[in-house]
Peer 1: 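Structure incoming, see below.
Residue numbers begin at 1 in each chain, while the letters A, B, ... track the order of the sequences.
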Amino acid sequence: MSTNERSLISRFAMEVVTGCIALLAGIVVVLGALEYEIGWDEAGPQPGYFPFYVGLIIIVASLGVLVQGFLNRSRTTGEAFLTREGFKRVMAFFLPLAAFTAGSYVLGLYVGTFVYLAGVMIFQGGYRWPFALTVAGGITVFFFVLFERWFQVPLLKGPLEAFLGIY
Amino acid sequence: MLMKKALTAATALVAALGISAAEAAWKPTKPVEFVVSSGPGGGTDQFARTVQSIITKYNLLDQPIVVVNKGGGSGAEGFVYGKTAEGEPHKVIFGTNNEWLLPLVAKLAYKPEDLTPVAVMAVDEFLLWVTGDSPYQDAKSFIEAAKAEPGKIKIGGSQSKDTDHILVKQIERAAGIKVIYVPFKSGGEAATQLAGGHVDANTNNPSENIGQWKAGGVRPLCVFAPERMAKGEPVVDGKGWADIPTCKEAGIPIEHYQMPRTVFLPGGVSQDAVDFYVELLKQVREKPEWQEYITRTSQSNRFFVGEDLHTFIKNNEDEGRAVITAEGWLVK
Amino acid sequence: MDNIASLMHGFSVALTMHHVLLMMLGVLLGILVGVLPGLGAPNGVTLLMPLTFSMDPISAIILLTSMYWGALFGGSTTSILFNIPGEPSSVATTFDGHPMAKQGRATEALTYAFLSAGFGALAGVVLITLLSGWVAKFALRFSSPEFFAVYFLAFASFIGLGGASPFKTVISIMLGFAFTAVGMDTVSGNVRLTYGFDELLRGISFLVAVIGLFGIGELLLTMEEGLRFEGVKARVSPRKVFETLLTLPRYWVTLLRSALIGCWMGITPGGPTAASFMSYGLAKRFARRPEGFGQGREEGVIAPETADHAAGSSAILPMLALGIPGSATAAVMMGGLMIWGLTPGPMLFIEQKDFVWGLIASMYLGNVVAVVLVLATVPLFASILRVPFAIIGPLILVICVSGAYTVDSAAFDLWMVLIFGVLGYVFKKLDYPIAPMVLAMVLGDKAEDAFRQSVIMSGGDLSVFWSNSLVSSIMSLGILLLAWPLLTRIFRLLRPGRSTGTTTA
């Protein structure tokens, strides 16, 4: 058991990775801003002015974070950002979520909801098939009535709804 | 061509006789989506929801209608969405002349031809307004003041490189003046900013300024139309819309400047589908609620379909393009 | 005292059985849409709009505004119980409300939230009643420089150097600003930071970001710790509600200050969301014991809720009197007014006295009805927490994702909400503060627009921000608040010993 509590990713590593991503984000923003004029004219700041400096500040601050990260290295290398056990738990939640998002993107939110809810209940909650399918189906139908009929807010539809001619 | 006209006439007859359009060559088989190219509460939103409420009230369609707002990028979001729905006649896009003017000034992922025009259902007028206590009693003195001090007069409007901005640029050209254009988020904001005296004028549509006009916060100088507006009830001190001179007679040589309320379908839809919606919209126009909407918003009740519609779009685009090119806004 | 007489007349219009029933229906529906993230008051109002066409305008507006109150209250419920703000303006309520719920004090947190919200709303309505004419005139004095000053003030009062690394705070703020810059730029008419990507045309939705950062980020954290909502399971007893009610007067300073902030932000165009942040920031800054905020302090719930509702109700006034919708909901309601044949604007108060004062009277009643109903539903919502986690956890997720989709009906937002969820999770673990990013997203583009409009008006002259007494005083107050942490530090240096002595009062 104790091996599972070992650190998988150290806090130091994560600080550096996040700092680098922020740095990259800053550069992307600056590049985007450079598509337009970044100075001042008689009408004040031009369209690129604010994004440019916002990007620049992100770059500077992320360098600051990186430097700070390396200075605190001795303390943060030992500290766990994520333990093995924690990683497992997060992934047990995150992977189905990502699958749900991807599935809904292709199949529509109703099919995605049904499959996700039923899947999680059966494989992670340990419920029996009939119960899980009934609950997931009930919730999905309730959502359909709630969104499509009452609020008239259409959710994302996929090929199944098109096939059934509902939408 | 003759065939098509006859067909349209026949369907019109069918509709006139009160028979539902069930015999039409195409009709919706699932819920119809009204895509509004503006945010909730905007002019296009009211337009689309008025059409929806009339269709629902009189049961003109046996399928439900869902309204979706896609107002991002000054409406471009809605038009791009329409492009991606190619061949899908169950999505109807509501907009303005933005549809063909936006791609001129911004790099967008659709071309005006990507959508199928169905109809122009009304045209909104533009007026030149000043503050209630403004020293300018007519357009002439306003223009003279602007001439005397170039770059001092501030005119507010909604958005940048959009209808208001294009009009202000046209005024500058036509009258030989130079003003400061201040872009706000919406016409409503431009109205309050004028009433508060923070800008000297705006070019709002009637419905955007009528509240402030009644209260004495703002005052119209002239209307950018070939002739005066339709006579209605007097608004303030016995004066009504019809008493406002046209800008041309008041000394600003701009023949006309109007914003159409447009209805589009995605590209690649059948002519039958277009005909179906033309017929549907015709029925909508005949209802008293439509007339009420037109009167309330002081728009002009015009209806362009088919060949007329294409000419209208062509002319409007050419006029817009001229200003946009001259200002150097044209996107490569 | 013309207004009081008009109000009494208004009560006679509003106080009928029919109207009270409409209020209850509106409030209940509002709670429902408020509880679902993404689905907010604007959707609810849109939904009810066709229903109202056949009603008389007074009944119609009562139904719609009641729904608005209900939605505001419902938004706080999910903030506290699940850390998912049901409405954008209830983001700040999560800061202390959710920790309280985790400590098993959900009932207290909810009760405080609803009662202070009710108090704030009443403060807003009283302001409208007494000062309607004055407020409408005052609001007209606001132009772009004043708008900018108000946004600056809101920002200055919330942002202080907390415990986090200043670099991280700066990154968080600036990322927020960068997100709001995406999409159409009002002032130049250019499309910025989209990199030719259609899906970014509409910009990055604040709501989608919030659902991801708070809702999904929080769920990921909970999962990792293996907590599975255990702490939130709280029994709700009416007695506890009553006991909490009795302790509320203790926080009168926070209540009053927050109500004032809310009213101010409501009549100036700051809006409820910014008001709740500002109020939270100031409550923290002026607290006699500043420690403990963010870990479940009562004031941390009371301050944002009071200000949120005070702003929400007082913002109705500029909408009616000037025709400027302060929020998406107000915009939809305005559309409704026009369909009923009423033109919002200064003349409404003169031409449609029955309507206006009936509406104002209904705001008093509607809020009382809302507080009662919402308190009655506390046990119902708290009982959701007893549903096994294997069902409720994924269900919350589904609601988050569906909610994010409904914001703009965009499939792309499904990915956005996931990305923001991961961002929220990582930021929280590495002590990047999230709240400044959210505030930057609320105010960023508005502040930029206002700044650039001001400079256009002045012809490039920055002194426009000091050009009259109104804008100068707001700007000065903002700078004072920004420097406040520094000033208090100097005070402490000058008078050592006092700083620790007073905290144990």
Peer 1: Between C:Leu32 and A:Leu146, does a side-chain contact (heavy atoms from CB on, under 4.5 Å) hold up when you go through it step by step?
Peer 2: CA-CA 10 Å; C:Leu32 182 63; A:Leu146 182 76; 4.2 Å; yes
Peer 1: Side chain, backbone, both or neither: which part of A:Phe81 has a non-hydrogen atom closer than 4.5 Å to chain C?
Peer 2: both
Peer 1: Which region of C:Leu462, side chain (C-beta onward) or backbone (N, CA, C, O), has a non-hydrogen atom less than 4.5 Å from a non-hydrogen atom of chain A, or is it both or neither?
Peer 2: side chain
Peer 1: Can you tell which part of A:Leu109 gets under 4.5 Å to a heavy atom of chain C, answering side chain, backbone, both or neither?
Peer 2: side chain
Peer 1: So which of A:Pro51, A:Gly125, A:Gly44 has the biggest tally of heavy-atom pairs under 4.5 Å with chain C?
Peer 2: A:Pro51
Peer 1: With distance as the sole test, does C:Arg192 use its side chain to make a donor-acceptor pair with the main-chain N or O of A:Gly48 at under 3.5 Å?
Peer 2: no
Peer 1: Does a salt bridge link A:Glu15 with C:Lys429, judged by any charged N lying under 4.0 Å from a carboxylate O?
Peer 2: no
Peer 1: Check whether C:Leu220 gets within reach of chain A through its side chain, its backbone, both or neither, counting any heavy atom under 4.5 Å.
Peer 2: both
Peer 1: Give, as side chain, backbone, both or neither, the part of C:Val398 having an atom under 4.5 angstrom from any heavy atom of chain A.
Peer 2: both
Peer 1: Measure the spacing between CE of C:Met174 and CG of A:Leu56 and express it to the nearest 0.5 Å.
Peer 2: 10.5 Å
Peer 1: On a heavy-atom basis, which atom in C:Ser402 and which in A:Phe143 lie closest, and how many Å separate them?
Peer 2: OG-CE2, 4.2 Å
Peer 1: Quick check on A:Glu35: does its CD atom have over 12 non-hydrogen neighbours (other residues, nucleotides or ligands) under 6.0 Å away?
Peer 2: yes
Peer 1: Measuring heavy-atom distances to chain A, does C:Phe412 have an atom under 4.5 Å in its side chain, in its backbone, in both, or in neither?
Peer 2: backbone
Peer 1: What distance separates A:Ile139 CD1 from C:Leu395 CG, expressed to the nearest 0.5 Å?
Peer 2: 4.5 Å
Peer 1: Between A:Tyr36 and C:Val191, what is the shortest heavy-atom contact and its length?
Peer 2: OH-O, 2.7 Å
Peer 1: With a 4.5 Å cut-off on heavy-atom pairs, point out which of C:Asp185, C:Ile391, C:Thr194, C:Ile173 contacts chain A the most.
Peer 2: C:Ile391
Peer 1: Taking the side chain as everything from C-beta on, heavy atoms only, tell me whether C:Glu448 gets closer than 4.5 Å to A:Pro45.
Peer 2: no
Peer 1: Tell me, for C:Ala178 versus chain A, whether the close heavy atoms (under 4.5 Å) come from the side chain, the backbone, both or neither.
Peer 2: both
Peer 1: Are A:Ser104 and C:Val401 side-chain neighbours, meaning at least one heavy-atom pair lies under 4.5 Å?
Peer 2: no
Peer 1: With chain A as the partner, which of C:Ile456, C:Asn190, C:Val455 has the greatest number of non-hydrogen pairs under 4.5 Å?
Peer 2: C:Asn190
Peer 1: Heavy-atom count around A:Phe87 CZ within 6.0 Å, excluding the residue itself: above 12?
Peer 2: no
Peer 1: Testing the basics here: between C:Ser165 and A:Gln68, what is the closest heavy-atom pair and its distance to 0.1 Å?
Peer 2: OG-OE1, 3.0 Å
Peer 1: Nearest 0.5 Å please: distance from the CD1 atom of A:Ile57 over to the CD1 atom of C:Ile171.
Peer 2: 11.5 Å
Peer 1: Which pair of non-hydrogen atoms, one from A:Phe93 and one from C:Leu397, has the smallest distance, and what is that distance?
Peer 2: CZ-CD1, 3.1 Å
Peer 1: Nearest 0.5 Å, please: how far is CD1 in A:Ile58 from CZ in C:Phe167?
Peer 2: 14.5 Å
Peer 1: C:Asp461, C:Leu418, C:Val170: which one forms the most heavy-atom pairs within less than 4.5 Å of chain A?
Peer 2: C:Leu418
Peer 1: Between A:Pro96, A:Gly112, A:Ala102, A:Ala98, which residue shows the highest count of heavy-atom pairs closer than 4.5 Å to chain C?
Peer 2: A:Ala102
Peer 1: As an exercise: rank C:Gly421, C:Gly460, C:Ala411, C:Ala410 by heavy-atom pairs under 4.5 Å with chain A and give me the winner.
Peer 2: C:Ala411
Peer 1: Judged by atom type as modelled, is there a donor-acceptor pair below 3.5 Å linking the side chain of A:Tyr105 to the main-chain atoms of C:Trp415?
Peer 2: no
Peer 1: Using non-hydrogen atoms and a 4.5 Å limit, figure out which bit of C:Val417 sits close to chain A: side chain, backbone, both or neither.
Peer 2: neither
Peer 1: Can you tell me how far the CZ atom of A:Arg89 sits from the CE atom of C:Met223, to the nearest 0.5 Å?
Peer 2: 9.5 Å
Peer 1: Determine whether the side chains of A:Gln46 and C:Ser188 contain a donor N or O and an acceptor N or O closer than 3.5 Å.
Peer 2: no
Peer 1: Determine the minimum heavy-atom distance between C:Leu193 and A:Val29, stating which atoms define it.
Peer 2: CD2-O, 3.7 Å
Peer 1: So which of A:Val135, A:Val120, A:Val90 has the largest heavy-atom pair count under 4.5 angstrom toward chain C?
Peer 2: A:Val90
Peer 1: In terms of ring plane angle, is the pair C:Phe451 and A:Phe50 parallel, tilted or perpendicular, where the classes change at 30° and 60°?
Peer 2: perpendicular
Peer 1: Rounded to the nearest 0.5 Å, what separates atom OG1 in A:Thr76 from atom CG in C:Leu430?
Peer 2: 10.0 Å
